[in-house]
Asks: 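Right, I'll just put the structure down here and ask away after.
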Amino acid sequence: KLFIYNPTTGEFLGRTAKSWGLILLFYLVFYGFLAALFSFTMWAMLQTLNDEVPKYRDQIPSPGLMVFPKPLTALEYSFTVSDPESYQGYIEDLRKFLKPYNLEEQKNLTACPDGALNEQKGPVYGACQFPLTLLQECSGVDDPEFGYSKGNPCVLVKMNRIIGLKPQGEPRIECTSKSENTAALSTYPPKGTIDLKYFPYYGKKLHVSYLQPLVAVQVSFNATSSTVNEVTVECKIDGSPNLKNQDDRDKFLGRVVFKVTARA
Amino acid sequence: MTKKTLEIYSVELSGTKDIQQTDKGNGKEKYRGLKNCFEPRKNHYKEELRKEVDLDDHKLSIKELEKKYDTNIITGLSSTQAAELLARNGPNALTPPKETPEIIKFLKQMVGGFSILLWIGAILCWIAYGIQYSMNTSSSLDNVYLGCVLALVVILTGIFAYYQEAKSTNIMATFNKMIPQQALVIRDSEKMTIPAEELVVGDIVEIRGGDRIPADIRLLSVQGCKVDNSSLTGESEPQPRSSEFTHDSPLETKNIGFYSTTCLEGTATGMVINTGDRTIIGQIASLASGVGNEKTPIAIEIQHFVHIVAGVAVSIGILFFIIAVSLKYQVLDSIIFLIGIIVANVPEGLLATVTVTLSLTAKRMAKKNCLVKNLEAVETLGSTSIICSDKTGTLTQNRMTVAHLWFDNQIFIADTSEDHSNQVFDQSSGTWASLSKIITLCNRAEFSPGQESVPIMKRVVVGDASETALLKFSEVILGDVMEIRKRNHKVAEIPFNSTNKFQLSIHKTDDPNDQRFLLVMKGAPERILEKCSTIMVNGQKQPLDKNTAEAFHTAYMELGGLGERVLGFCHLYLPADEFPETYTFDVDTMNFPTSNLCFVGLLSMIDPPRSTVPDAVTKCRSAGIKVIMVTGDHPITAKAIAKSVGIISANSETVEDIAKRLHIAVEQVNKRDAKAAVVTGMELKDMSPEQLDELLTNYSEIVFARTSPQQKLIIVEGCQRQNAVVAVTGDGVNDSPALKKADIGIAMGIAGSDAAKNAADMILLDDNFASIVTGVEEGRLIFDNLKKTIAYTLTKNIAELCPFLIYIIVGLPLPIGTITILFIDLGTDIIPSIALAYEKAESDIMNRKPRHKKKDRLVNQQLAIYSYLHIGLMQAVGAFVAYFTVYAQEGFKPSILINIRVEWEDSNVNDLEDSYGQQWTWYQRKYLEWMGYTAFFVGIMVQQIADLIIRKTRRNSIFQQGLFRPQYWFVAVPFAILIWVYDEVRKLFIRLYPGSWWDKNMYY
């Protein structure tokens, strides 16, 4: 119709070529300017940031707990002992995750004294060794299948990294089975201790080779005979007054609940 | 007289035909009043009216009538009969136009405008919850809450709008019920007063001067009764009534009195022949309800705006729904995005704001005597481009007033202003002394008693219009007229009648030395002159020669040409020898001379324009509004008034004027030379619509005279064909179709009939044209300010919308939540946008043309683009910077945020790593997200302040418009600092000295 192209006025879609040109030019300049302004303010804002430490850490005063490997759905580990395929993923994840904890990898790290915070002044920040042997049965050294093939799976519990966090007291991971007597839980290192020497954390950039302290939980089912064994495990941080483990809304603040289902 | 009325009625019928054409679609339910008796046929209106008018009760003798209505003219109906008839025929009242049921009105508010979009949003919310629930029974109720909030928003804004509407309707309801009418009726041989509503056919009623006739009645006996049929015919002359059958047509015959017309003087007894909707006026009133109510311009504008916004919302919503689905989002998520987009796009609070704004203006206008019935009419007046104004009462004072005098061969001008205070003409001449005496004595009008404290011009007078004018005129100049009359005792009198065309009275004079009787006479000037042989000049009697007669004619023509009603005055001192003190005058045999009198002077009267009108008309002119006068009055009078108020400006001429000036025939005049036109109803009747269009476009100054109120409708339609927004003023029942047809009907509050008030959108409480001008000003201001309000409100929509789009495409954590958006739209933004309604005009809004209905939209492309794509985008960018800043300072740099959405929202991921290697639980992230909402919200808010300031003006600099002076912000600052310091000191001492006197008293 005439609206699309009007031969008398030379209007295309209601505007002449010149008008279109001007309007496009205008928006080019306008949006160009706006984009430049946006980029500039963003750049300026990023300049004010410290590369090593975020400006505020008030949103994460206390760390959360998380388990590893991460199950496919929710926090439920389910596998069949007789079917290696079903737990292959977990094992691979664990191996990959524990690779930096190999002795070889930890050669350059310092062996720090136990039971004391490892405060450093920089400019170079060293990381403390976390010998894999601390995880004993779950280290993957003796049992490359982390107990899955025996129906006693290992799950790693780790505390979220927070820059500058200095736990008080003697923090440890306390795991309890919610279903009575169906399974025994063993924690490695013994008592689930998290040594203070791994704190404080100085951030990704400064603390390059930092190794996060881990606690492994091994679930050993009592009744190996039954075809399906199920247990719900709750792990909490304990022994440290400034690490919260009881929050109404945040179910992962200092605690974690997971379920293990092992089929024969 | 009869001929003229005949013409008016034939026109009226074609007027009816016209209505039929415009409303063919749903005439069925609209012509309620007429349908009662007739099956709807193709052209039934015309037939019905004619048939109904063919009532033959006026032809019947009293005996036949008694038989027909089973009544007795002496004893009246019995009360049982009356009760029966009342039950059968219903009350004697016009059925008010069918009201839309309240529930329908309410529901309309619930689904109108954006409500439907929000309902969709709410339903989508519930659907989303349904899907969630079917997948996981423990899913969160967030979506249900959001749906409820949306529904609540719709319902609350709906209730609010409904309440506002109802409030303005209620004003009307109280207005209608002000005066319950009473009627004096004979029943069971007893006279009793009953409410007029209870009258039934066959009742015998008595009417007195000043009464409103309570039903259509056949007059049985009449004493000097005159009625004012203006509400029915637009005819302002009082019409005599008698009990004789004088004309075939019931409308012409003198023995019928019509419902709602007024009996001016005399008394009459009549039999009720029609009640309620079956009366003539009832039928015409129900025709009015057949004229479709036009949508108001602002309603059209708002609808246009709603369409634009809804169009944007729906198309963006669907586009992104498709994008979301093709980006492999789940359908559930996509639905939630859709809700977000709808909520972000719809300015939830805007329609409520508009309502508030309009009602604020309506309130302001009510203070200035414009009562607005329909809120939207507030703006309509502002966009008005043609005003069709009635003459009588609106432009004029609606009372005859002495305007000019002619004596001593000179024309004098009398003060016609509202209070007559400034009479400057020369009152020293002897002629004036004689003339004033005639004016005072030859006058039967009297003030109603007990009005001594009332200003003269406002006193109630018993008597006809011109006598009233003369009475008030003489009272102002001479003082106590009644006292003068007492001193000059009246001995004989012949009242005015249309055959004589004069009025005469004979008095004893108040001069004790003069025993002569004084005969005074007034009447039609040419008749008076015939009876005179001498003329008084400078107090001396002179023979009436050709020169003086010539002078008289010139003066008479000149005054008549001004459209004024001219009266001649003469007197004669009867010689004392022939007429001694004891002489008995007999008015029937006329035993006294009525010729060879002495001519004293002429006096002309007019219904003068209100003093505020010329100024108001000029203002309308400069505001580009064409003022058209439509009147039932004589063309000459109409033209004279039009000239004096400026509807026809001083230097413009009609075709006839040009012809007269050039001494050529009217046909030879080039029609383009004339700017003004005076068109009579008869000419209008012969015009085709095309000719009317041509007339309306070619002449800028038009006066329609001698028009029937039905022709008003044709004129209004003609104006509307020119794409004009037409305002019509009117007061009679017959004006109601035109009032309804007009874009804005303006009824007179004092003179207006209920039917007119019902049909109108606005009521002028003081009947003053000048009030319309204030209305126009307010209306224009509100249009400008609404534009600003909408621009302000639309701006943030983009800032609310962008987050969703970015969220979907780039996968950032959601920058702003749906509830937060609602909080902006219904919370923080409401008051600033209402405040814009108070913004004063940027420039002289009364100096620009009225907006073009089709071109000057409330929301045009420029407004939408500027708000959305310029300011809105800037706002979005600003808010995003705030959002990114919060995240970056908490540890999530912008680079890491991209495509973080899935992990971010997964409640099973509780060790999400930020840019610094820290790990966050889901809830910690959620908390951060809320902080982001706040940042984004505050970002929008801060920029909305700037937006508010820029929206104050569209062209002027904000510094020209004036802002609250910034220095005042700082006046209280020292005290603010004091508060702060004081409290810090308080807290310091509390901490320093726990348990001390200070702590006990000051710690809370």
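Side-chain atoms are counted along with the backbone in the values below, which use heavy atoms only and exclude waters and symmetry mates. Chain identifiers are assigned alphabetically (A, B, ...) following the order of the sequence lines, protein sequences preceding nucleic acid strands; residue numbering begins at 1 within each chain.
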Asks: Can you tell which part of A:Asp51 gets under 4.5 Å to a heavy atom of chain B, answering side chain, backbone, both or neither?
Replies: both

Asks: Which answer fits A:Phe30, side chain, backbone, both or neither, if we ask what part of it has an atom under 4.5 Å from a heavy atom of chain B?
Replies: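 For A:Phe30, the contact with chain B is made by the side chain alone.
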
Asks: Strictly less than 4.5 Å between heavy atoms, which residues of residues 900-922 of chain B line up against chain A? Please order them by number.
Replies: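 Answer by number: B:Asp906, B:Ser907, B:Asn908, B:Val909, B:Asn910, B:Asp911, B:Glu913, B:Asp914, B:Ser915, B:Tyr916, B:Gly917, B:Gln918, B:Gln919, B:Trp920, B:Thr921.
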
Asks: May I ask you to check whether over 12 heavy atoms, not counting those of B:Tyr927, lie within 6.0 Å of atom OH?
Replies: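 Atom OH in B:Tyr927 is not crowded, with 12 or fewer foreign heavy atoms closer than 6.0 Å.
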
Asks: Heavy-atom pairs under 4.5 Å with chain B - which of A:Lys55, A:Arg57, A:Lys158 has more of them than the others?
Replies: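 Heavy-atom pairs under 4.5 Å are most numerous for A:Lys55.
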
Asks: Among A:Leu253, A:Thr41, A:Val53, which has the most heavy-atom pairs under 4.5 Å with chain B?
Replies: A:Val53

Asks: Which bit of A:Val256 is near chain B, if near means a heavy-atom gap under 4.5 Å: side chain, backbone, both or neither?
Replies: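 Answer is neither: A:Val256 stays 4.5 Å or more from chain B.
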
Asks: What part of A:Lys205 is in contact with chain B, defined as an atom under 4.5 angstrom from a non-hydrogen atom: side chain, backbone, both or neither?
Replies: neither

Asks: Please examine the side chains of A:Leu34 and B:Leu873, heavy atoms only from C-beta on, and report whether any two atoms are closer than 4.5 Å.
Replies: yes

Asks: Does CD belonging to A:Gln47 count more than 12 external heavy atoms closer than 6.0 Å?
Replies: yes

Asks: If you count every heavy atom of other residues, nucleotides or ligands that lies below 6.0 Å from B:Tyr145 atom OH, does the total exceed 12?
Replies: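 Incorrect, the count does not exceed 12.
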
Asks: For A:Phe68, look at atom CZ and say whether over 12 heavy atoms of other residues, nucleotides or ligands are found less than 6.0 Å away.
Replies: yes

Asks: Can you tell which part of A:Glu76 gets under 4.5 Å to a heavy atom of chain B, answering side chain, backbone, both or neither?
Replies: neither

Asks: Which region of A:Tyr210, side chain (C-beta onward) or backbone (N, CA, C, O), has a non-hydrogen atom less than 4.5 Å from a non-hydrogen atom of chain B, or is it both or neither?
Replies: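 Neither part; nothing is under 4.5 Å.
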
Asks: Do you know which of A:Ile60, A:Leu206, A:Leu165 has the most heavy-atom pairs with chain B at a distance under 4.5 angstrom?
Replies: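 Maximum pair count with chain B is reached by A:Ile60.
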
Asks: Please look at A:Phe26 and chain B and tell me whether the side chain, the backbone, both or neither of the residue comes under 4.5 angstrom of a heavy atom of that chain.
Replies: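 Side chain of A:Phe26 only, per the 4.5 Å heavy-atom cut-off to chain B.
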
Asks: Decide if atom CZ of B:Phe823 counts as having more than 12 heavy atoms of other residues, nucleotides or ligands within a radius under 6.0 Å.
Replies: no

Asks: What part of A:Leu37 lies closer than 4.5 angstrom to a heavy atom of chain B: side chain, backbone, both or neither?
Replies: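 The answer is neither part of A:Leu37.
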
Asks: Is A:Tyr27 close to B:His870 at the side-chain level, that is, under 4.5 Å between some pair of heavy atoms?
Replies: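 A side-chain contact exists here, since the closest heavy-atom pair is under 4.5 Å.
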
Asks: Could you name the residues of residues 884-895 of chain B that have a heavy atom within less than 4.5 Å of a heavy atom in chain A?
Replies: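 Heavy-atom contacts from residues 884-895 of chain B to chain A are B:Phe884, B:Thr885, B:Ala888, B:Gln889, B:Glu890, B:Gly891, B:Lys893, B:Pro894.
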
Asks: If I measure from the heavy atoms of chain B, does A:Lys251 come under 4.5 Å with its side chain, its backbone, both, or neither?
Replies: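 No part of A:Lys251 comes within 4.5 Å of chain B.
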
Asks: Select one option (side chain, backbone, both, neither) describing which atoms of A:Ser62 are under 4.5 Å from chain B's heavy atoms.
Replies: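 Answer is backbone: N, CA, C or O of A:Ser62 sit under 4.5 Å from chain B.
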
